[in-house]
> 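Provided herewith is a single structure, encoded as structure tokens, for subsequent inquiry.
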Amino acid sequence: MKLNINQRFIFTVFLAFLFLGCSLKKETDGPYFGNGFHNGWADQSSIVIWTRLTHTPEGNTNGTKFLIPSAEEHRRLDKEANPEKIHKAQIPEGMTLENMVGACPGAPGEVKLIYYPLLNSDNKTETDWIAVDEKKNYTTQWQLENLQPNIKYVVEIEARLNNQSKVSDKIEGAFRTPPTEKTEEDIEFCIVTCHDYWRKDTTDGHKIYNSMIKMFPDFYVHTGDIEYYDKPEPYALTEELMRFKWDRLFALPLQRKFWTQVTSYFMKDDHDALKNDAWPGQTYGTVPWDRGIEIFEKEQFPYHNKFYKTIRWGKDLQIWITEGRNYRSSNNIPDGPEKTIYGKEQIDWLFKTLKESDATFKVIINANPVLGPDRENKNDNYSNSKYAFEGDQIRNFLNQFDNVYLCNGDRHWQYVTHLPDTNLWEFSCGAGTDMHAGGWDQEDLRPEHRFLRVKGGFLRGEVSRENGKPKLTFQHYDVNGEMVHEEIFTK
Ligand SMILES: [Fe+2]
């Protein structure tokens, strides 16, 4: 783990602003940054910054507990799609959503963004004040362009009431841009999946965020199932409940601190698109597919027109962020040449960009497994027999390279798979907490498994050079940041 001067400096700046933010909060009535801010889709010259204004500085930790409908009632509420009944079945009489545990309601107001290179603070860019969008859950986004590669930027965001001059809250953080394809540089990254509000392992959030921030990764990828709409307390069968779940999750202190500090790529999966194993055209309660996608892509997370992207991180690393929900067929149609998960356009892009890339190591980050193994009864991903046709096409294509590595989320256990007599490797990061882990039997070790652990944690990757020789390291960690497995590849 490296801790260079930039990182130590940013940490100190962060603490100073935390203090400033705290004293501001005591003096004003808001609006506040109870959800912090997060970034997305960084490349050498651009990034998207997202934030939201809130009524309170923190989530409501002492709120009322949700009622939990039975499984049968949940099915009926889903089918009937009556918002009044959905809310009545979960919010106790006389209470509103704002009273419920974890609530972090939005607030109108204006925000201003200031950013500058960490080592050149005179070179500030400052936006005009803009009002957050009350129709989009009091959020706003900035697309920053003309950034320089391989630079650590400081971000400051201020809040105020509409048309008032007094700043009501201030938040500070940072991101870094990737180096260009010419730069030999050590790069460290973390990959996570599957951790929702209720399955957290501390009151402040998920331990993995504490463990990961100590590593100062250059970037981080969340492979989806960031929240679970279709889990109780509450079942998010309306848009209002979906937003409630994001507001609550984003207020968790551990996550909030991490996301303001680290260059991030947020992917979505079934549970944060709509529901388990979801595909286009479905609905969940009152929410049609398209609205589910819009809430994720355009409102709660930094927006990007395609939701898949490849980003070069220096000479030795290129990553591919793929999109596994928007373009897929119905899971229940028979397998064959027409059945798809990535869609033709994305597959053409993936194959073309992989061939064009001269990066030493190519890391494809998928929401779902491509190699597996997965459970026999699943019909949702390329490792399942119901998607074998396109899955085989992709595996055959990838097998021509000896420097392509697959990483995935979705499955709630950690594994390393290497298919014998192929070049194919897959690293499953596993669920974010021990209580969230499961779905595979620890004793069921298959010939292709190089590692198997049915526990929570995360995956860490690193490209580095030893005596000029490029090296890619993948390490699995437990939730406390203890390494449990390592694979090293050299070129
Ligand atoms: Fe999951």
Side-chain angles (χ1 to χ4, degrees), residues 71 74 190-201 205-209 212 220-236 242 245-246 248-250 252 255 264-279 282 284 292-293 295-296 300-301 307 321-326 328 331 341 365-384 387 406-415 417 426-442 452-459 476-479:
H74 172 224
C190 292
I191 301 181
V192 304
T193 192
C194 299
H195 39 277
D196 55 6
Y197 179 82
W198 285 113
R199 283 173 281 185
K200 60 187 183 295
D201 45 9
H206 297 65
K207 282 183 191 173
I208 56 167
Y209 284 91
M212 290 189 297
Y220 143 99
V221 184
H222 198 311
T223 57
D225 290 351
I226 304 168
E227 245 307 340
Y228 286 66
Y229 288 149
D230 57 342
K231 293 284 180 196
E233 302 186 77
Y235 291 111
M242 287 179 170
K245 282 190 149 176
W246 293 121
R248 186 176 66 178
L249 187 84
F250 294 162
L252 288 174
Q255 267 89 333
S264 306
Y265 301 94
F266 292 99
M267 303 166 68
K268 68 175 177 301
D269 201 8
D270 45 352
H271 296 281
D272 30 38
L274 208 62
K275 58 182 175 182
N276 190 36
D277 291 355
W279 63 77
Q282 292 189 310
Y284 183 52
I293 298 300
I295 288 171
F296 189 101
Q300 297 303 141
F301 288 92
F307 253 73
I321 305 283
T322 61
E323 164 51 50
R325 290 288 150 194
N326 293 10
R328 70 164 59 214
N331 285 351
I341 292 180
I365 303 167
N366 301 299
N368 311 121
V370 174
L371 304 188
D374 191 14
R375 295 197 298 277
E376 293 297 323
N377 62 354
K378 291 291 291 182
N379 303 310
D380 187 51
N381 64 63
Y382 284 130
S383 76
N384 304 140
Y387 278 104
L406 298 161
C407 297
N408 68 288
D410 181 28
R411 308 295 70 202
H412 296 187
W413 62 95
Q414 297 181 325
Y415 67 76
T417 284
E426 185 163 76
F427 297 81
S428 168
C429 59
T433 57
D434 288 338
M435 78 186 89
H436 203 133
W440 190 268
D441 178 2
Q442 182 63 56
L452 173 67
R453 180 174 173 271
V454 189
K455 286 265 193 179
F458 59 97
L459 178 68
H476 278 95
Y477 283 83
D478 71 8
V479 294

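Numbering of ligands and ligand atoms starts at 1, following listing order.
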> Under 2.8 Å from the Fe ion (ligand 1), can any N, O or S atom of D225 be found?
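For D225, the answer is yes, given that an N, O or S atom comes within less than 2.8 Å of the Fe ion (ligand 1).
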> To the nearest 0.5 angstrom, please state how far the OG atom of S383 sits from the CG atom of L406.
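Here the interatomic distance stands at 11.5 Å.
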> Can you check the angle at the Fe ion (ligand 1) formed by NE2 of H412 and OH of Y228? Round it to the nearest 10°.
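My answer is 100°, to the nearest 10°.
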> Which residue in the set Q255, K200, R199 passes side-chain hydrogen bond (donor to acceptor under 3.5 Å, both in side chains) when paired with H206?
Q255
> Look at R325 together with D380 and state whether they make a salt bridge at an N to O cut-off of under 4.0 Å.
yes
> One thing to verify: whether K275 and D270 come together as a salt bridge, which I'm taking to mean a side-chain N less than 4.0 angstrom from a carboxylate O.
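Answer for the salt bridge query: no.
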> Taking the ring centre of each residue, are H436 and H195 less than 6.0 Å apart?
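Between H195 and H436, which both carry aromatic rings, the centre distance is not below 6.0 Å.
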> Is H436 close enough that one of its N/O/S atoms sits under 2.8 Å from the Fe ion (ligand 1)?
no
> Would C194 count as a contact for the Fe ion (ligand 1), in the sense that one of its N, O or S atoms lies under 2.8 Å from it?
yes
> Would you check if the Fe ion (ligand 1) lies under 2.8 Å from any N, O or S atom of T193?
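T193 does not place any N, O or S atom closer than 2.8 Å to the Fe ion (ligand 1).
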